[in-house]
Amino acid sequence: VFTKEHDLHQVYATLRRFRDSNGHNLRKLVKEICMDDMDDSMISPLVMLIKFPHLQHLSARQRRLNTNLEADSKILQEWIKGGLLVPGSLSLERLDLFHYNMASDEPFLELFEKTVNRISKNSVTLDIKRCGYPKQHTSLPSETEDGLSQDDRLCKQIIDRFARCWACDAPQQYCWQCTIKCAGCGTNRLPPVANDNQRRTRTAKSAKVDEFGLFD
C-alpha cells in the first residue's frame with residue numbers, strides 16, 4: 001500500500017528495481033496494491049502490472065491530474081507490441097481509477113477496458129462505467145429522435161460503479177443527475193463529492209455511538 005506517511009518516490013523506485021533475479025518471490029506474493037490519492041506524475045500504476053504479474057487488484061483512485069485513459073491505452077498497447085506484456089498473461093481481476101472530475105464525454109473508456117481485458121486471463125472489472133440511463137429527447141422531432149443511435153439515447157457520464165447512497169448505503173446504478181432520488185430510501189441524491197463526505201460523516205458518527213455503547 002502506498003501511503004503519504006512514506007517517501008513515495010523511494011518506495012516506488014525500490015519496486016521498479018525488482019527483477020526475477022532479485023525479487024522473484026515477492027513478485028509472486030503481491031496480489032493487491034493501493035495507490036489511491038497518489039496524484040504524482042512520477043508514479044505510474046501501470047508499472048505495477050509489469051512488476052507483479054500475479055496482481056489481482058490495483059487501486060489508483062482520485063488521481064485527477066494523472067489519470068488519462070487515452071495515454072494509458074496507448075502505453076499498454078505499446079507494451080504488448082514490444083513484448084513487455086503478453087496478452088492473457090496477467091492475473092488482474094479489478095482495476096480502480098475513479099476520480100471526481102472524470103469527463104462526461106470520455107471517449108476512450110471502451111478502448112481502455114478492451115485493452116486491459118486483453119492482457120489479463122480474467123475478466124477485469126473497472127470501478128468506472130457510463131451511467132447508461134435513457135435520456136429523454138422530448139424536444140426533438142420524432143423523425144430525428146428515431147435516427148439516434150442506441151448510444152446517443154443513453155447518458156454517457158462516467159460514474160463510480162460501486163457508488164452507494166450517503167443515507168442508506170444502497171448501490172447507485174445511475175448518475176445523481178439522471179436519478180435524483182435513491183432507489184433504496186428515496187432520499188435526494190448528492191453529487192459524488194458531497195455524497196462521499198456525508199457517508200464518511202455518518203460512518204464516523206455511527207462508530208462513535210458504537211464506541212460509547214461499549215460502556216452502557
Side-chain angles (χ1 to χ4, degrees), residues 1-103 106-130 132 156 158-164 171 192 196:
V1 178
F2 282 73
T3 62
K4 296 179 180 179
E5 288 74 21
H6 294 83
D7 185 337
L8 294 177
H9 292 278
Q10 182 177 354
V11 173
Y12 183 68
T14 300
L15 291 176
R16 291 193 60 170
R17 286 195 292 269
F18 278 120
R19 302 288 189 274
D20 283 346
S21 59
N22 63 6
H24 190 62
N25 290 331
L26 179 58
R27 293 184 70 202
K28 285 185 175 182
L29 292 174
V30 175
K31 301 293 180 66
E32 182 173 355
I33 293 177
C34 178
M35 303 173 68
D36 295 352
D37 299 310
M38 300 298 103
D39 205 357
D40 189 321
S41 61
M42 299 300 293
I43 298 176
S44 171
L46 296 185
V47 173
M48 300 298 105
L49 299 179
I50 297 176
K51 294 300 176 183
F52 305 104
H54 294 273
L55 191 65
Q56 296 175 354
H57 183 188
L58 174 59
S59 184
R61 290 168 60 89
Q62 304 305 342
R63 300 180 77 251
R64 177 177 64 87
L65 300 178
N66 291 287
T67 296
N68 186 319
L69 299 187
E70 178 183 12
D72 289 347
S73 297
K74 290 180 178 179
I75 290 173
L76 291 175
Q77 290 171 350
E78 289 175 0
W79 286 351
I80 293 173
K81 185 181 298 184
L84 199 56
L85 281 176
V86 177
S89 63
L90 302 186
S91 299
L92 192 66
E93 298 177 356
R94 177 169 163 178
L95 178 56
D96 298 342
L97 297 167
F98 177 78
H99 64 77
Y100 294 126
N101 298 93
M102 289 203 138
E106 172 59 67
F108 295 99
L109 173 59
E110 288 74 21
L111 173 63
F112 180 79
E113 187 170 20
K114 180 179 179 180
T115 305
V116 169
N117 273 283
R118 183 182 175 192
I119 60 178
S120 179
K121 57 189 174 186
N122 303 308
S123 176
V124 180
T125 298
L126 302 183
D127 72 330
I128 54 176
K129 69 169 187 173
R130 297 197 188 279
K156 295 183 179 181
I158 303 297
I159 64 174
D160 183 351
R161 183 186 300 273
F162 304 106
R164 291 183 174 273
D196 288 352

Heavy-atom closest pair, residues Leu126 and Phe162: O-CE1, 4.3 Å

When every non-hydrogen atom of Leu46 is compared with those of Trp79, the smallest separation belongs to O-CZ3, 3.6 Å

Glu70: which residues meet the side-chain contact (heavy atoms from CB on, under 4.5 Å) condition with it, sequence neighbours left out? Asn68, Lys74, Phe108

How far apart are the C-alpha atoms of Thr67 and Met102, what are their side-chain angles, what is the distance that settles it, and do they pass the side-chain contact (heavy atoms from CB on, under 4.5 Å) test? CA-CA 9 Å; Thr67 296; Met102 289 203 138; 4.2 Å; yes

Heavy-atom nearest pair, Met48 first then Met35, reads CG-SD, 3.9 Å

Between Glu110 and Arg130 (salt bridge meaning N to carboxylate O under 4.0 Å), is one present in this structure? yes

Without swapping roles, check the side chain of Asn117 against the backbone of Val124 for a donor-acceptor pair under 3.5 Å. yes

Identify the heavy atoms of Leu55 and Glu32 that sit nearest to each other, and give their distance. CD1-N, 3.5 Å

Just by distance, do the side chain of Arg161 and the backbone of Asp127 share a donor-acceptor pair under 3.5 Å? no

Please set out all donor-acceptor pairs under 3.5 angstrom arising from side-chain atoms of residues 80-98, sequence neighbours excluded.
residue, atom, partner, partner atom, Å
Ser89, OG, Val86, O, 2.6
Arg94, NE, Asp96, OD1, 2.8
Arg94, NE, Asp96, OD2, 3.3
Arg94, NH2, Asp96, OD2, 3.3
Asp96, OD2, His57, NE2, 2.8

Under the side-chain contact (heavy atoms from CB on, under 4.5 Å) rule, what do Gln62 and Asp39 come out as? Steps first, then yes or no, please. CA-CA 7 Å; Gln62 304 305 342; Asp39 205 357; over 6 Å; no

Test item: Arg61 side-chain N/O and Cys34 main-chain N/O as donor-acceptor pair under 3.5 Å: no

Asn66 and Ser41: side chain donor to acceptor below 3.5 Å: no

